[in-house]
Amino acid sequence: MSVTPVSLHLHDHFARELGEMAVPWQAERTPDPRLLAVNDRLADDLGLDPAWLRTPEGIGLLTGTRLPDGAAPVAQAYSGHQFGGFSPRLGDGRALLVGELVDRDGALRDLHLKGSGRTPFARGGDGLAAVGPMLREYVVSEAMHALGVPTTRALGVVATGRSVRREEILPGAVLARVASSHLRVGSFQYAAATGDVALLRRLADHVIVRHHPAAAGSERPYLALYDAVVAAQASLVARWMLVGFVHGVMNTDNMTVSGETIDYGPCAFLDAFDPATVYSSIDHEGRYSYGNQPVAAEWNLARLAEALLPLLDDDQERAVALATDSLGAFRSRYSAAWAAGMRSKLGLPDGLDGAVATTLVDELLVLAERSHVDHTVLYRALASAARGDADAARGLFLDLPDFDDWCARWRATGPDPDAMDRTNPLRIPRNHLVEEALHAAVAGDLDPFERLVDAVTSPFDDRPGLERYAAPPPDDFGAYRTFCGT
Ligand code: AMP
Ligand code: MG
């Protein structure tokens, strides 16, 4: 008997069109599955009945253990530069692409699992994931979506009933996530490394159709594809910088060609503004520090260009010249996106001279860094200052004469406090709150997790009772460290 809704049809475009990069594979069985989180609104967007997702059949979909007829799950192959060193064969070591769904807007979306067991790409890994990190990806990715940052989404987390051995024994889980695709810079590196230019071309054609259809009409479609990825990543990384997000592991296998944020491993949000901030325990040199993210993105895009060279021009030198020229646009695109975003954070009027705006932004960030000002609290406090009450903002700075001088010049531009409240979140998934919620969840109490998800998925609304979700960490929280591959 099949209780799967008849309307549920999983497509296999990727597996069929790019079979050389897809290994048919099945999810491992789950001894005692228990639903921990399900995203009703996203389910609805996908045309999935949220009530059905809570049934054993629905949980079977979320764990890959009970799939509709015709489903063809695969592990995807990709390469990647990890902290600068190239690994030709990474791929989904503990993940599966279950298939593609057509959402209510008619767009194709990947349904993908993380923690679903070892695949041929697992190398030494156990193929598993623990409850804490999967719930972490759930809450952080949903917060990012609510903040307006392009991202993979979390559909659900199911505890498997299996133990996972890390430094200690932890409960295992599978995350079901949804993305416009899981194709990465590393996917192109993999195709290029095979030496099969026809495969590389098929991958590029697939990505053009899925993500950057305007490139198809261009005189040089593959160069236009590259330009589109450069533009999407410049915009994405600017958004990260504006909200204070630190990805933590910007390897080329963790950078999409769609421009969505992917792979929430050692990520975290800034509390005090400091460009040198690093959370990842293994990023000793600050390669992926907050302030270095635009540089890291540009470096990854250079690797994408190398992979695409055979498609850009038959003449290698000409291909390099074209790619170099396109990559050159990254900096100006990034700077424009950052500047526009900061103008909006500061509520600056449209007509304000660009040089004046840049000076105000640069000066504020110097003051904020010097006084260790909380990157989220600051901009809502400034909105109050724009309304005439500067007490909260003044309370953040050690260097009052300099702040007062800056504030007077900024207020003279006529900043719009309502626009600032619409742009600047009150609540982000703060590290101390995430830790608290995950700790409780692993011990069996999901209430703090659910309250946190609720608080950070309406980040802009001033809701009474949620004050503790807007506050910076307590002084005794200390330096925060995050971990990869958890
Ligand atoms: P990540 O750091 O999550 O981006 O993972 C980098 C690579 O390691 C990818 O190929 C993953 O599939 C693989 N990987 C990470 N953790 C595991 C695990 N526990 N078992 C198997 N493969 C893993
Ligand atoms: Mg990854």
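Whatever order the structure lists them in is the order used to number ligands and atoms, beginning at 1.
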Min heavy-atom dist Gly127 to ligand 1 below 4.0 Å: yes
Minimum side-chain heavy-atom gap Arg202-Leu18 below 4.5 Å: yes
Contact partition for Asp92 relative to ligand 1, non-hydrogen atoms under 4.0 Å: backbone
Ligand 1 to Gln82 polar contact by distance, N or O atoms, under 3.5 Å: no
Contact check: Gly93 vs ligand 1, nitrogen or oxygen atoms, below 3.5 angstrom: yes
Metal check, the Mg ion (ligand 2) vs Asn251 N/O/S, cut-off below 2.8 Å: no
Closest heavy-atom pair and its distance - Ala154, Tyr138: CB-CD1, 3.4 Å
Min heavy-atom dist Glu137 to ligand 1 below 4.0 Å: no
For Asp263, the ligand 1 atoms whose distance to one of its heavy atoms is below 4.0 Å: 4 (O)
Side-chain touch Leu304/Val229, heavy atoms, less than 4.5 angstrom: yes
Name of whichever N/O/S atom of Asp263 is nearest to the Mg ion (ligand 2): OD2
Ligand 1-proximal atoms of Arg123, by part, heavy-atom distance under 4.0 Å: side chain
Heavy-atom proximity to atom 3 (O) of ligand 1, best of Arg94, Gln76, Arg89, Arg184: Arg94
Sub-3.5 Å N/O-N/O distance, Gly91 and ligand 1: yes
